[in-house]
Trainee: 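First, the structure itself, so that you have it in front of you.
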Amino acid sequence: MHPDLQHLIQLQDLDLAADRARRRIGELPAALQALETRVAEKTAHVSSVKEQIAAGQMARREVEKELATVQGRLSKYKGQLMEVKTNKEYQAMQKEMAAAEHDVRAHEDKLLEHMEQAETFAAELKAAESALKAEQTVVARDQKILEAERAEIEQELARLTAARKEIVAMLPRDALSLFERVAHGRKGVAVAEARDGLCTVCHVRLRPQMFNEVRRNDGLHQCDSCTRILYFVPAAAPGGAAQPS
């Protein structure tokens, strides 16, 4: 294979690998943000339950105050009952006491509801805090994994960049200029394999004479359709893998 063509194939492989590395690095901030969002959602749930508990405690205190007031009124009626002098006054007092007792029972029922609700909220808070702790553990682990991946990719990207400089230094200016011009216009893919008479990237059939020239791998030939630089991989020998000649 012509040295320039071999170097351009290597350069293409390096560029594609570097592009994949850069894309992955670009995806990592969103992945890290998604992890933080998961923790934030669990934290918000814990805060919400705590707010419900605080609101329930406040409402319970109000019911307790109201209950104390009603119980005081009932106690007052009971004390006054001994002082009534007529049957009419006695019946009126009994009616007031009955109303007060009804209010006491109603407030006691409300207080019981608040106590049951408090138990429910306490269980929910325990579960929410447990879920938050578990999520924080998982997220911390995943964050470390992503940070380690970032460091590994950056190291690989540095290696690819250094290898690219070595390849570029071996290429003639015109070959490198052709590669960069085609790559710029073809989304970074400047080199393509020719197989079965076709360009394997644009899938347009090559002229027979062009395909025969490409098969020799003795120079830089471009696809008439997409202008990519073409190379040919001979059929693999028995027991071996196909390689560009």
Side-chain angles (χ1 to χ4, degrees), residues 1-35 37 142-245:
M1 177 176 282
H2 192 283
D4 291 350
L5 183 57
Q6 182 70 54
H7 289 146
L8 290 180
I9 294 172
Q10 294 172 346
L11 187 61
Q12 179 72 86
D13 290 342
L14 291 171
D15 283 354
L16 291 177
D19 184 58
R20 288 192 297 271
R22 292 189 190 95
R23 285 202 305 271
R24 180 53 184 161
I25 289 176
E27 293 169 353
L28 290 178
L32 288 167
Q33 181 60 50
L35 293 177
T37 298
D142 291 349
Q143 285 174 329
K144 288 182 179 179
I145 291 173
L146 290 177
E147 292 295 348
E149 182 184 359
R150 184 205 299 274
E152 183 178 345
I153 293 174
E154 288 176 345
Q155 185 177 1
E156 175 64 8
L157 190 56
R159 185 194 69 78
L160 293 170
T161 301
R164 189 184 199 281
K165 289 181 179 179
E166 293 179 4
I167 297 295
V168 167
M170 299 183 216
L171 283 166
R173 183 180 296 274
D174 57 345
L176 179 60
S177 177
L178 173 63
F179 175 90
E180 291 179 341
R181 185 171 64 252
V182 176
H184 178 73
R186 296 299 175 184
K187 298 181 179 180
V189 181
V191 180
E193 180 187 352
R195 187 189 310 147
D196 298 329
L198 302 174
C199 169
T200 57
V201 176
C202 73
H203 306 291
V204 171
R205 182 164 297 280
L206 303 172
R207 290 179 289 108
Q209 181 181 352
M210 169 64 76
F211 184 57
N212 286 333
E213 292 175 355
V214 170
R215 290 180 62 182
R216 291 197 291 269
N217 286 328
D218 58 358
L220 304 185
H221 303 285
Q222 293 177 261
C223 173
D224 291 332
S225 176
C226 68
T227 74
R228 290 182 174 89
I229 302 163
L230 300 170
Y231 67 93
F232 178 74
V233 179
Q243 296 290 337
S245 61

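Remember, it's a predicted structure, so these values are computed and weren't measured experimentally.
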Trainee: Spell out, as yes or no, whether a donor-acceptor pair under 3.5 Å connects the side chain of T200 to the backbone of A194.
Mentor: no
Trainee: Roughly how far, to the nearest 0.5 Å, is the OG1 atom of T161 from the CD atom of E156?
Mentor: 9.5 Å
Trainee: Would you call R173 and L176 a side-chain contact if the rule is heavy atoms closer than 4.5 Å?
Mentor: no
Trainee: Using side-chain contact (heavy atoms from CB on, under 4.5 Å), reason through D15 and L160 one step at a time and then give a plain yes or no.
Mentor: CA-CA 8 Å; D15 283 354; L160 293 170; over 6 Å; no
Trainee: Are L11 and V168 packed together at the side-chain level, in the sense that at least one heavy-atom pair is separated by less than 4.5 angstrom?
Mentor: yes
Trainee: Looking only at heavy atoms, which two atoms of A21 and L157 are closest? And how far apart?
Mentor: CB-CD1, 4.1 Å
Trainee: Does V214 reach the side chain of Y231, with side-chain heavy atoms less than 4.5 Å apart?
Mentor: no
Trainee: Work out which heavy atom in Q12 is nearest to a heavy atom in G188; give both atom names and the distance.
Mentor: NE2-O, 2.9 Å
Trainee: Please round to the nearest 0.5 Å and tell me the distance separating atom CG of L230 and atom CG of L8.
Mentor: 12.0 Å
Trainee: Verify the neighbour count for atom CD of Q155: are there more than 12 heavy atoms of other residues, nucleotides or ligands below 6.0 Å?
Mentor: no
Trainee: To the nearest 0.5 Å, what is the distance between CD on E166 and CG on L14?
Mentor: 9.5 Å
Trainee: Mind listing the closest non-hydrogen atom pair of L206 and C223 along with its distance?
Mentor: CD2-SG, 4.1 Å
Trainee: What do the steps show when you test L198 against V204 for side-chain contact (heavy atoms from CB on, under 4.5 Å), and what is the final call?
Mentor: CA-CA 6 Å; L198 302 174; V204 171; over 6 Å; no
Trainee: Would you name the heavy atoms of D4 and A175 that are closest together and state the gap between them?
Mentor: OD2-CB, 4.4 Å
Trainee: Drop me the distance from R159's CZ to R164's CZ, to the nearest 0.5 angstrom.
Mentor: 14.0 Å
Trainee: Can you confirm whether E152 is buried at CD, in the sense that more than 12 heavy atoms of other residues, nucleotides or ligands lie under 6.0 Å from that atom?
Mentor: no
Trainee: For E147 and K144: C-alpha separation, side-chain torsions, deciding distance, then whether salt bridge (charged side-chain N to carboxylate O under 4.0 Å, His left out) applies.
Mentor: CA-CA 5 Å; E147 292 295 348; K144 288 182 179 179; over 6 Å; no
Trainee: How close do Q222 and T227 get, heavy atom to heavy atom, and via which atoms?
Mentor: NE2-O, 2.8 Å
Trainee: Between A31 and L146, which heavy-atom pair has the shortest distance, and what is it?
Mentor: CB-CD1, 3.8 Å
Trainee: Is any side-chain heavy atom of I229 closer than 4.5 Å to one of H221?
Mentor: no
Trainee: With side-chain contact (heavy atoms from CB on, under 4.5 Å) as the criterion, how do R150 and L32 come out once you've worked through the C-alpha distance, each side chain's angles and the decisive distance to 0.1 Å?
Mentor: CA-CA 11 Å; R150 184 205 299 274; L32 288 167; 3.3 Å; yes
Trainee: Decide side-chain contact (heavy atoms from CB on, under 4.5 Å) for C199 and C226; before the verdict, give the C-alpha distance in whole Å, the side-chain angles of both, and the deciding distance to 0.1 Å.
Mentor: CA-CA 9 Å; C199 169; C226 68; 3.8 Å; yes
Trainee: Scan residues 155-209 for pairs that pass ring pair (Phe, Tyr, Trp, His ring centres under 6.0 Å), counting only residues two or more places apart or in two chains.
Mentor: none
Trainee: Around atom CZ of R195, are there more than 12 heavy atoms from other residues, nucleotides or ligands closer than 6.0 Å?
Mentor: no
Trainee: Calculate, to the nearest 0.5 Å, the distance between atoms CE and CG belonging to M1 and D218 respectively.
Mentor: 10.5 Å
Trainee: Between CG of L28 and CD of E154, what distance do you get to the nearest 0.5 Å?
Mentor: 8.5 Å
